[in-house]
Number of protein chains: 2
Amino acid sequence: MSDELLRALDQAGVRLTGPRREIAALIAKRNGHFTAADLIADASKRRLGVGRATIFRLLDLLAEQGLVERVDLPDGRHAYVPCEPSHHHHLVCVACGAIAEVEDCGIDAVTAEASRRSGFTIDSHRLELFGRCPNCRSAN
Amino acid sequence: MSDELLRALDQAGVRLTGPRREIAALIAKRNGHFTAADLIADASKRRLGVGRATIFRLLDLLAEQGLVERVDLPDGRHAYVPCEPSHHHHLVCVACGAIAEVEDCGIDAVTAEASRRSGFTIDSHRLELFGRCPNCRSAN
DNA sequence: GCACACAATGAGACCCAGTATCAATCCCCC
DNA sequence: GGGGGATTGATACTGGGTCTCATTGTGTGC
């Protein structure tokens with residue numbers, strides 16, 4: 001579960017402290033996206049005694065390593081999703097919060113076209129897709 | 001300059017009050033993106049006496065009318081860009097902040113492909129492209 | 001196995017963007 | 001010109017996130 005996260009952190013030369021293990025476990029226990037506030041609530045509910053700052057710090061670390069990514073929900077809030085370090089994009093289920101990853105599926109052509117039309121060079125992009133996952137679709 | 005914004009607001013049945021005219025002028029005077037904080041600073045620098053709340057309220061109104069759009073910069077900050085009401089995406093110059101709009105250029109194919117692979121239905125998406133505008137590219 | 005240098009921690013103060021409240025004011029329609 | 005409802009600004013508040021700093025814990029070299 002959380003082993004994967006921990007292993008990746010270890011390999012990146014990050015110290016594996018108690019609080020970090022606990023937070024990693026909380027993250028692993030969630031599926032789909034979560035907010036920093038979710039983790040903070042989880043932690044306090046279980047009286048883990050980890051501070052807010054520690055949670056934000058770990059999230060930063062994980063984001064740096066590409067193990068977690070920040071997505072901006074349609075309502076403007078921020079959430080994090082655990083994910084593979086390779087480049088990809090996220091599908092977010094607006095009903096239940098489930099996340100799917102999609103590898104590049106033709107976006108390069110889009111950026112190339114946009115670049116051609118505008119004269120900009122494009123360094124990076126952000127693509128987020130919002131909809132309903134198969135479960136929520138059939139449940140409705 | 002700001003006439004366009006004001007005209008559009010007027011047509012939407014929004015009252016054209018003094019503060020709104022002034023804020024519209026501030027927006028028109030900027031080119032490229034700006035943050036709410038920028039406008040607030042502008043307003044206070046010129047001692048316009050418009051309150052923070054009024055600025056946020058007008059931005060909401062403009063966003064509702066599609067005259068302005070919120071983009072999330074790569075560093076996580078929020079900015080607004082004045083734009084046409086039709087659906088489109090933004091190219092943001094990370095050097096000078098200039099903005100270009102690109103109409104749909106193949107993104108539908110991407111969302112369709114992502115939908116096919118994941119089983120999600122896709123309601124909406126967000127695409128932002130970051131790079132350098134022609135000016136900044138040659139200036140470097 | 002131990003000690004040590006230094007990274008990491010948690011508590012709390014702090015900051016900033018954005019929102020809510022509410023009495024006073026201003027627009028627009030008649 | 002008058003009236004009613006929308007708008008305004010001051011201010012308090014909220015919530016996410018950062019900073020500080022004394023204390024604690026970790027991995028490394030021995």
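Convention: sequence-line order gives letters A, B, ...; per-chain numbering from 1.
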> Can you pull the salt bridge (Lys or Arg N to Asp or Glu O under 4.0 Å) pairs that have at least one residue in residues 110-119 of chain B, sequence neighbours excluded?
Replying inline: B/E113-B/R116, B/E113-B/R117
> Quick one: B/R20 CZ to C/dC27 C1', roughly how many Å, whole number?
Replying inline: 10 Å
> Does A/A95 have any side-chain contact (heavy atoms from CB on, under 4.5 Å) partners at least two apart in sequence or in another chain, and if so, which?
Replying inline: A/C93, A/R132, A/C136
> Just how far, in rounded Å, is P of D/dT7 from CG of B/L9?
Replying inline: 11 Å
> Rounded to the nearest Å, what distance is computed from the CD1 atom of residue B/I40 to the P atom of nucleotide D/dT11?
Replying inline: 15 Å
Would you list the atom pairs, donor with acceptor, under 3.5 Å between side chains in residues 35-45 of chain A and any protein atom, with sequence neighbours excluded?
residue : atom : partner : partner atom : Å
A/T35   : OG1  : A/A37   : N            : 3.4
A/T35   : OG1  : A/D38   : N            : 3.1
A/T35   : OG1  : A/D38   : OD1          : 3.4
A/T35   : OG1  : A/D38   : OD2          : 3.2
A/D38   : OD2  : A/T35   : N            : 2.8
A/D42   : OD1  : A/R30   : NH2          : 3.1
A/D42   : OD2  : A/R30   : NE           : 3.0
A/D42   : OD2  : A/R30   : NH2          : 3.2
A/S44   : OG   : A/A41   : O            : 3.4

> Rounded to the nearest Å, what distance is computed from the CG atom of residue A/L62 to the P atom of nucleotide C/dA8?
Replying inline: 13 Å
>> Per the ring pair (Phe, Tyr, Trp, His ring centres under 6.0 Å) rule, what does the pair list look like for residues 26-65 of chain B, sequence neighbours excluded?
In response: none
> For B/L61 and C/dC27, what is the distance between atoms CG and P respectively, to the nearest whole Å?
Replying inline: 16 Å
> Does any pair with a residue in residues 49-71 of chain A pass salt bridge (Lys or Arg N to Asp or Glu O under 4.0 Å), and if so which ones, sequence neighbours excluded?
Replying inline: none
>> Listing request: all ring pair (Phe, Tyr, Trp, His ring centres under 6.0 Å) pairs with a residue in residues 106-131 of chain A, at least two apart in sequence or in separate chains.
In response: A/H87-A/H125, A/H89-A/H125
> Can B/V92 be reached from B/Y80 by stepping across I, L, V, M, F, W or Y side chains whose heavy atoms are under 4.5 Å apart?
Replying inline: no
Enumerate the protein-to-nucleotides 13-19 of chain D contacts in which both atoms are nitrogen or oxygen and the separation is below 3.5 Å.
residue : atom : partner : partner atom : Å
D/dG17  : OP1  : A/H78   : ND1          : 3.1
D/dG17  : N7   : A/R52   : NH2          : 2.4
D/dG17  : O6   : A/R52   : NH2          : 2.9

> Could you give the CD1-to-P distance, from A/I55 to C/dA11, as a whole number of Å?
Replying inline: 11 Å
> If you fit an axis to the five pairs at each end of the helix from C/dG1-D/dC30 to C/dC30-D/dG1, how big is the angle between those two axes, to 10 degrees?
Replying inline: 40°
Polar-atom pairs under 3.5 Å, protein N or O versus N or O of nucleotides 26-30 of chain D: list them with distances, or write none.
residue : atom : partner : partner atom : Å
D/dT26  : O2   : A/R15   : NH1          : 3.3
D/dG27  : OP1  : A/L16   : N            : 3.3

>> For B/A114 versus A/V102, what's the shortest heavy-atom pair and its separation?
In response: CB-CG1, 4.1 Å
> Partners of A/A12 by side-chain contact (heavy atoms from CB on, under 4.5 Å), sequence neighbours excluded?
Replying inline: A/V14, A/Q65
> What residues form a salt bridge (Lys or Arg N to Asp or Glu O under 4.0 Å) with A/R46, not counting sequence neighbours?
Replying inline: none
>> On a heavy-atom basis, which atom in A/R20 and which in A/L6 lie closest, and how many Å separate them?
In response: O-CD2, 4.3 Å
> B/L73 has an atom CG; how far is it from atom P of C/dA17, in whole Å?
Replying inline: 13 Å
> Whole Å only: how far is the CG atom of B/L58 from the P atom of C/dG18?
Replying inline: 14 Å
